[in-house]
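Structure first, commentary second.
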Amino acid sequence: MRCTRAVIYGDNLKHNLGVIRSFIQRPQTKLCIAVKADGYGCGAVFTARTAIECGASYLAVATVDEGIELRENGISCPILMLSLCSKDEMESVVRYNITPFVFDREYITALDKAAGRFNDKSKFPVHLAVDTGMGRIGCMPEEAVEAATFIIRSAHLSLEGVCTHCSSADGINDADRIYTRMQFDTFVSSVNAIKKAGIEPGICHCAASAALLDHPEMQLDMVRSGIITYGYYAGQIDREYFAVKGIPCELEPVMSLESEIVSIRPFKAGKYVSYGRTWTVERDTDIAVLPIGYADGLLRRFSPGLTVAINEKSYPVVGRICMDQCMVDIGKNNSDVHRWDKAVFFGPKNSGALQDAEDIARRTGTIAYEIMTGITKRVPRVIV
């Protein structure tokens with residue numbers, strides 16, 4: 001197997017699922033685990049099976065193909081599709097029993113026709129999305145009753161749930177909290193209006209990772225766990241935030257990214273390393289070459305500033321990261337570093353890493369989500 005690999009720690013995944021379940025206030029609240037983007041890079045099928053084993057009732061994907069992959073690997077529980085699909089994909093949505101979000105007449109009508117052609121059930125379940133302030137998908141709150149009525153009057157669809165998504169639940173300043181409360185109150189009002197119209201809304205859900213942990217009143221009938229499943233906190237709702245509140249919330253990163261030193265080369269002062277001659281050797285040193293680059297998800301913009309752990313010490317990646325390789329300054333005649341030694345870029349502490357994906361994200365102006373989902377398919381996943 002290729003020495004550049006993403007190691008997936010199954011025990012850490014189970015640990016995180018246990019932490020998440022401990023935050024759910026009511027036993028009847030269902031748990032939905034987001035396994036989109038190949039389980040945030042950790043493997044959708046493995047994550048799905050583990051989540052179900054640990055009590056998840058629903059899974060969530062973003063694309064039709066992601067739902068099909070789960071079905072073709074024997075996953076039978078309900079699967080929500082959080083994003084919209086094309087008209088041509090609606091046949092597969094129905095055939096593979098993937099539960100879509102809907103909100104406008106044209107989309108609902110097209111899906112109703114697909115359900116009529118390809119569904120062997122009397123009614124095909126959908127969830128009505130309400131846009132309470134995310135500005136992405138969903139009907140306007142004042143349109144919720146009309147949209148719900150249109151669904152239940154369609155020939156082949158049933159209203160299984162109503163949902164929304166909060167844009168700022170991961171913030172802790174007053175403005176974010178006020179906005180999140182406004183979204184929640186708007187959603188509850190929309191649900192109540194649907195009920196008042198004599199329509200059963202089904203499963204009502206609005207709490208993703210941040211709201212799940214920090215706003216127990218928003219858990220309702222189901223919660224949707226995303227990034228916290230994989231060991232990273234949502235925005236400012238982090239370990240330190242809970243420590244101040246006196247609430248234990250210890251998540252463990254599920255993925256580590258590692259490679260191996262395949263060459264160590266001596267360089268004299270004044271020599272250049274990598275494309276564009278952006279890094280010059282200031283004093284005689286040795287350069288370790290690792291077979292990992294931006295085609296693996298180690299993005300070019302990560303350097304300068306990226307470090308890697310080798311035998312429990314941190315070393316800088318120097319020069320521009322290449323498509324398939326990167327270079328590390330290990331110092332001159334370093335007896336602690338040898339050819340074939342493991343090099344760990346991020347991960348849990350027991351992986352040998354000295355940083356996690358959030359640490360890299362902070363230094364490079366992004367978020368842990370992007371670091372993890374950016375690890376490409378050519379990097380083998382090894383489950384331990």
[atom1] ([X]) with more than 12 external heavy atoms under 6.0 Å:
X	atom1	value
Q28	CD	yes
K313	NZ	no
R300	CZ	no
R283	CZ	no
K123	NZ	yes
N311	CG	yes
Y241	OH	yes
K245	NZ	yes

- [ ] List the steps and the verdict of side-chain contact (heavy atoms from CB on, under 4.5 Å) for V308 and E258.
- [x] CA-CA 9 Å; V308 61; E258 64 182 50; over 6 Å; no
Close side-chain approach of [X] to [Y], heavy-atom, < 4.5 Å:
X	Y	value
V191	P201	yes
C85	V93	yes
L257	L298	yes
I52	T50	no
M134	C166	no

Separation of [Y] [atom2] from [X] [atom1] (nearest 0.5 Å):
X	Y	atom1	atom2	value
F124	N119	CZ	CG	6.5 Å
I152	L159	CD1	CG	7.5 Å
S303	Y294	OG	OH	13.5 Å
F103	I137	CZ	CD1	6.0 Å
R301	I321	CZ	CD1	10.0 Å
C326	L290	SG	CG	4.5 Å

TODO: Sorted by first residue and then second, give each side chain to side chain donor-acceptor pair (under 3.5 Å) pair with at least one member in residues 261-280; sequence neighbours left out.
DONE: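 Non-adjacent pairs meeting side chain to side chain donor-acceptor pair (under 3.5 Å): zero.
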Any sub-3.5 Å donor-acceptor pair from [X]'s side-chain atoms to [Y]'s backbone N or O?
X	Y	result
E370	I367	no
S209	G226	yes
Y315	A343	no
R381	I8	no
Q355	T307	yes
T285	G331	yes
Y233	C249	yes
N16	E252	yes
D356	G347	no
E66	A37	yes

Should [X] and [Y] count as an ion pair when the cut-off is N to O under 4.0 Å?
X	Y	answer
E146	R105	yes
R5	D296	no
D38	K377	yes
E250	R239	yes
R49	E53	no

Indicate if [X] and [Y] have the same hydrophobic cluster label, given that clusters are the connected sets of ILVMFWY residues with side-chain heavy-atom separations under 4.5 angstrom.
X	Y	answer
L128	L220	yes
V318	I261	no
M327	F302	no
M140	F184	no
V273	I310	no

Taking every non-hydrogen atom, the tightest pair across [X] and [Y]:
X	Y	answer
R21	G55	NH1-O, 3.4 Å
G41	M255	O-CE, 3.1 Å
C163	F187	C-CE1, 3.5 Å
I228	A234	CG2-N, 4.4 Å
Y232	L251	O-CD1, 3.9 Å
D221	C204	OD2-N, 2.9 Å

Task: V35 and V45: CA distance, side-chain angles, deciding distance, side-chain contact (heavy atoms from CB on, under 4.5 Å) verdict - done: CA-CA 8 Å; V35 296; V45 174; over 6 Å; no
If we ignore angles and hydrogens, is there a donor and acceptor under 3.5 Å between the side chains of [X] and [Y]?
X	Y	result
D286	N334	no
S259	T4	yes
T180	S168	no

TODO: Evaluate the criterion salt bridge (Lys or Arg N to Asp or Glu O under 4.0 Å) for residue pair D185 and R181; output intermediate values, then yes/no.
DONE: CA-CA 6 Å; D185 290 345; R181 170 53 60 178; 3.4 Å; yes
Please tabulate, for side-chain N and O atoms in residues 73-84, each donor-acceptor pair with protein atoms closer than 3.5 Å (sequence neighbours left out).
{"from": "N73", "atom 1": "ND2", "to": "E69", "atom 2": "O", "distance (Å)": "2.8"}

- [ ] Just grab all the salt bridge (charged side-chain N to carboxylate O under 4.0 Å, His left out) pairs involving residues 151-178, residues at least two apart or on different chains.
- [x]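 Sorted result for residues 151-178: R177-D214.
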Open item on the list: Evaluate F346 against S256 for side-chain contact (heavy atoms from CB on, under 4.5 Å), listing each step before the verdict.
Closed with: CA-CA 5 Å; F346 66 82; S256 72; 5.7 Å; no
- [ ] Take the angle between the ring planes of Y230 and Y40 and call it parallel below 30°, perpendicular above 60°, tilted in between.
- [x]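 The arrangement is parallel - the two ring planes meet at less than 30°.
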- [ ] Would you check if the distance from the ring center of F242 to the ring center of F23 is below 6.0 Å?
- [x]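 Centroid distance F242-F23: below 6.0 Å, so yes.
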Task: Trace of the side-chain contact (heavy atoms from CB on, under 4.5 Å) decision for D131 with T164 - done: CA-CA 6 Å; D131 183 359; T164 196; 5.7 Å; no
- [ ] Please name the residue in the list H127, H165, K30, Q219 that meets the side chain to side chain donor-acceptor pair (under 3.5 Å) test with H205.
- [x]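 With H205 as partner, H127, H165, K30, Q219 yield a single side chain to side chain donor-acceptor pair (under 3.5 Å), made by H127.
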